[in-house]
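Okay, structure first, notes after.
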Amino acid sequence: KVQHSSAIKKKKGRRYCCGYPISIFFIVVNEFCERFSYYGMRAVLVLYFRYFLLWDDDLATSIYHAFVALCYLTPILGAIIADSWLGKFKTIIYLSIVYAIGQVTMAISTIHDITDANRDGTPDNFTFHIALSMLGLILIALGTGGIKPCVAAFGGDQFQEHQSRQLNTFFSVFYLCINAGSLLSTLITPLKSVASTLMVFIAGSGMYVKTDPEGNIMWSVCKCIGFAIKNRFRHRSSSYPKREHWMDWANEKYDKLLIAQIKMVLKVLFLYIPLPMFWTLFDQKGSRWTLQATTMSGDFVSILISTVNPILILTLVPIMDRLIFPLIQKCGLNFSPLKRMTVGMLFAAMAFVSAALVQIEIDKTLPNFPSSSESQLKVVNTYSTTLNVTISPNEHLLIESFGSSADYVTFDHQDITVSLNTNPVITKAFSLIKGGRQTLIIPSDPTVMRDFVLRHGEQWCEFSRKFGFGASYTFLIPSTVFSDDCESITEVEDMKPNSVHMALQIPQYFLITTGEVMFSVTGLQFSYSQAPKNMKSVLQAGWLCTNAVGNIIVLIVAELGKLPKQWAEYLLFASLLVAVSIIFSIMAYFYTYIDPAEIEAQVRKEQGLEPEEMEKETLEMEEKDEDQKNEQGVKQTKI
Ligand SMILES: C[C@H](N)C(=O)N1CCC[C@H]1C(=O)O
């Protein structure tokens with residue numbers, strides 16, 4: 001009775017603006033601040049690993065993906081704590097504190113002065129910094145992941161059953177805030193944002209609808225499933241009559257309502273099995289696509305590329321919600337949530353086809369590097385006259401003074417002899433490095449060693465030309481050069497600058513983000529709407545876990561099983577996602593959308609409602625009326 005009246009008291013605090021509970025304002029701002037902090041930290045994480053902890057590219061990328069995977073695995077823990085023990089409100093508060101401690105720990109780990117006793121600018125004790133940063137990252141993963149399923153579900157809890165339209169809009173706005181936070185964090189430093197997250201959330205405290213946790217629900221679910229499996233096994237003989245669903249084998253011991261709720265959750269979780277493949281492709285934006293961008297040209301575009309996903313989300317979500325989806329509906333087509341998710345997957349697959357096409361263009365412009373059994377040599381002539389260079393057995397090069405051979409010459413053997421048509425003829429034998437590129441410099445005569453400083457800003461010689469991305473140059477400086485004799489310095493281009501423009505990546509970003517809007521925003525709404533009341537966070541956590549598994553697949557498949565051609569790897573991922581989306585569409589075809597509240601009410605009715613429940617329901621109905629009147633602006637003073 002006491003619990004019952006307190007629940008009602010809390011619900012009476014509900015206030016509305018334009019048909020939406022005011023409390024959701026605090027929730028979406030909280031999500032904005034949280035994502036601002038998370039994405040801001042994530043944006044510099046690989047750089048921190050690479051340039052502070054001095055890890056190599058592979059280790060930095062692997063730990064980065066492992067961290068992201070952990071961030072999407074910890075929601076299970078947060079959901080269990082919220083649904084079984086603390087409730088969503090307190091879980092968000094406590095785990096946000098853990099999150100803040102994690103960010104502070106991480107910040108401390110980046111102060112090299114702590115262990116830099118000899119003040120040379122690098123830490124002396126890397127173990128200390130690594131241990132501290134790993135601790136910080138684990139706390140951050142626990143905080144960000146733990147609160148994530150609770151915040152989305154808590155937002156959903158603020159609405160009533162008849163507000164399904166507003167609920168869908170809430171999830172779209174929620175996703176917009178995630179991306180506004182992500183966009184801003186790329187542009188400005190995410191300082192103090194976890195503290196703001198917590199303060200904004202607490203500020204709305206008096207206005208939230210806070211549903212109490214209903215005991216250790218996860219433990220009851222596990223015990224019930226365990227019992228059903230054991231009982232089914234005990235009655236495996238064909239003499240026992242079959243039951244409609246394997247969970248019905250728990251009927252002997254467990255409440256019908258719990259069994260019905262577990263059936264609903266399992267049905268959705270089964271549907272989630274193919275979904276990680278979407279995230280496997282999506283999360284390669286941050287690794288493979290970024291590496292692809294480093295082989296392309298265009299400097300200002302690089303900032304656009306790092307912000308294009310959130311910018312497109314901010315544009316596409318309203319366009320989809322207000323224009324495309326209503327238009328499709330008007331055409332009489334039933335674009336159900338699961339259909340949207342399938343189309344989202346196909347868009348992501350198309351994005352990877354687009355990435356493969358861009359890669360083929362890039363490959364055409366890339367230098368032809370030697371295979372592991374070949375060697376390459378370039379010859380540079382700093383001699384005073386043009387030279388005829390013969391490389392055994394039959395390579396003849398005519399190289400003018402202060403010039404070089406047009407390109408690297410490839411040899412399938414390593415031992416060569418170089419002859420120059422000087423007087424007397426000079427002949428010398430060399431052994432080249434297998435699989436490597438080398439440059440042979442023919443020195444000027446007489447050889448004088450001298451220093452020449454090329455210093456930015458105050459260099460002796462100004463070079464007006466801009467060096468291209470990805471290019472490599474050799475400067476030939478004559479021994480006689482003086483500060484006013486810049487003309488005599490010759491530049492040899494060893495590697496051509498990247499020539500495929502980064503703007504070519506925009507179509508693939510556009511396609512993957514369109515896919516994300518259809519897949520991720522819809523998935524978020526779907527996970528909430530199909531979950532029984534006491535398992536909303538659990539199902540949100542299940543949804544987020546698909547992201548974690550996707551990242552683990554990136555780690556395993558993309559890192560270990562590299563294909564020789566990058567474009568082929570992109571096409572492989574695209575084909576895999578098309579195959580998975582076909583499987584998903586078949587599974588979706590057999591899925592029947594449910595109204596969990598209706599099923600729960602039906603089971604209760606079958607069981608015969610207890611007087612207490614009846615009373616609660618009547619009060620809720622009364623309250624629903626009051627809320628509806630509130631929405632219409634009618635002021636009610638008393639129920
Ligand atoms: C930044 C992405 N566009 C995005 O919004 N997300 C990627 C994974 C899910 C979602 C998020 O919650 O951050």
Side-chain angles (χ1 to χ4, degrees), residues 27-28 30-43 45 64-65 67-75 78 99 140-141 143-156 170-187 190 193 197 272 275-287 289-290 305-318 320 341 344-345 347-348 351 508-528 540-554:
I27 295 170
V28 293
N30 166 82
E31 182 65 11
F32 166 83
C33 297
E34 191 279 319
R35 289 286 96 181
F36 178 67
S37 156
Y38 172 75
Y39 281 112
M41 191 272 300
R42 225 176 88 161
L45 196 57
Y64 169 82
H65 278 297
F67 166 71
V68 177
L70 190 64
C71 289
Y72 288 98
L73 276 178
T74 46
Y99 192 172
I140 291 172
T144 181
I147 66 173
K148 203 150 171 52
C150 306
V151 179
F154 193 57
F170 160 73
F171 281 114
S172 296
V173 174
F174 186 77
Y175 214 82
L176 285 181
C177 284
I178 290 176
N179 285 275
S182 159
L183 174 64
L184 237 77
S185 72
T186 324
L187 305 174
S193 61
T197 306
Y272 284 172
L275 302 190
M277 202 59 210
F278 173 88
W279 298 114
T280 301
L281 272 73
F282 182 83
D283 281 314
Q284 289 187 51
K285 266 188 315 94
S287 46
W289 287 14
T290 310
I305 290 295
S306 59
T307 53
V308 70
N309 171 260
I311 291 175
L312 280 172
I313 289 277
L314 294 176
T315 335
L316 287 176
V317 169
M320 293 281 183
M341 288 169 76
M345 285 182 177
F347 267 100
Q508 69 204 55
Y509 273 95
F510 178 79
L511 288 167
I512 202 132
T513 312
T514 309
E516 184 191 354
V517 174
M518 297 204 174
F519 180 86
S520 188
V521 183
T522 314
L524 199 65
Q525 293 164 354
F526 177 79
S527 308
Y528 186 85
Q540 283 294 325
W543 163 251
L544 293 167
C545 265
T546 61
N547 197 326
V549 180
N551 265 280
I552 294 169
I553 299 176
V554 179

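Every value quoted in this text rests on a predicted model; they were computed, and no experiment measured them. For the numbers below, each heavy atom of this structure counts, side chains included, while hydrogens, waters and symmetry mates do not. Every number for a ligand or one of its atoms is a count from 1 in the order of the listing.
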Completion exercise
Those residues at least two apart in sequence (or on a different chain) that pass side chain to side chain contact (heavy atoms under 4.5 Å, CB included) with I311 are L183, T307, T315
Practice task
Go through the steps for E516 and Y175 under the test side chain to side chain donor-acceptor pair (under 3.5 Å), then give the verdict.
Solution key: CA-CA 11 Å; E516 184 191 354; Y175 214 82; 2.6 Å; yes
Problem - Centroid-centroid under 6.0 Å between W543 and F278 rings - result: no
Fill in the blank from the handout: Near ligand 1 (heavy atom, under 4.0 angstrom), the protein residues are R35, Y39, Y72, K148, Y175, I178, N179, W279, F282, N309, E516, N547
Exercise for the section: Could I get the full list of side chain to side chain donor-acceptor pair (under 3.5 Å) partners for W279, not counting sequence neighbours? Expected result: T546
Practice task
Would you kindly check if the NZ (Lys) or CZ (Arg) of R35 is within the cone defined by 45 degrees around the ring axis of Y38 and under 6.0 Å from the six-membered ring centre?
Solution key: yes
Problem - Pairs involving residues 147-156, ordered by first then second residue, that meet salt bridge (Lys or Arg N to Asp or Glu O under 4.0 Å) (sequence neighbours left out) - result: E31-K148
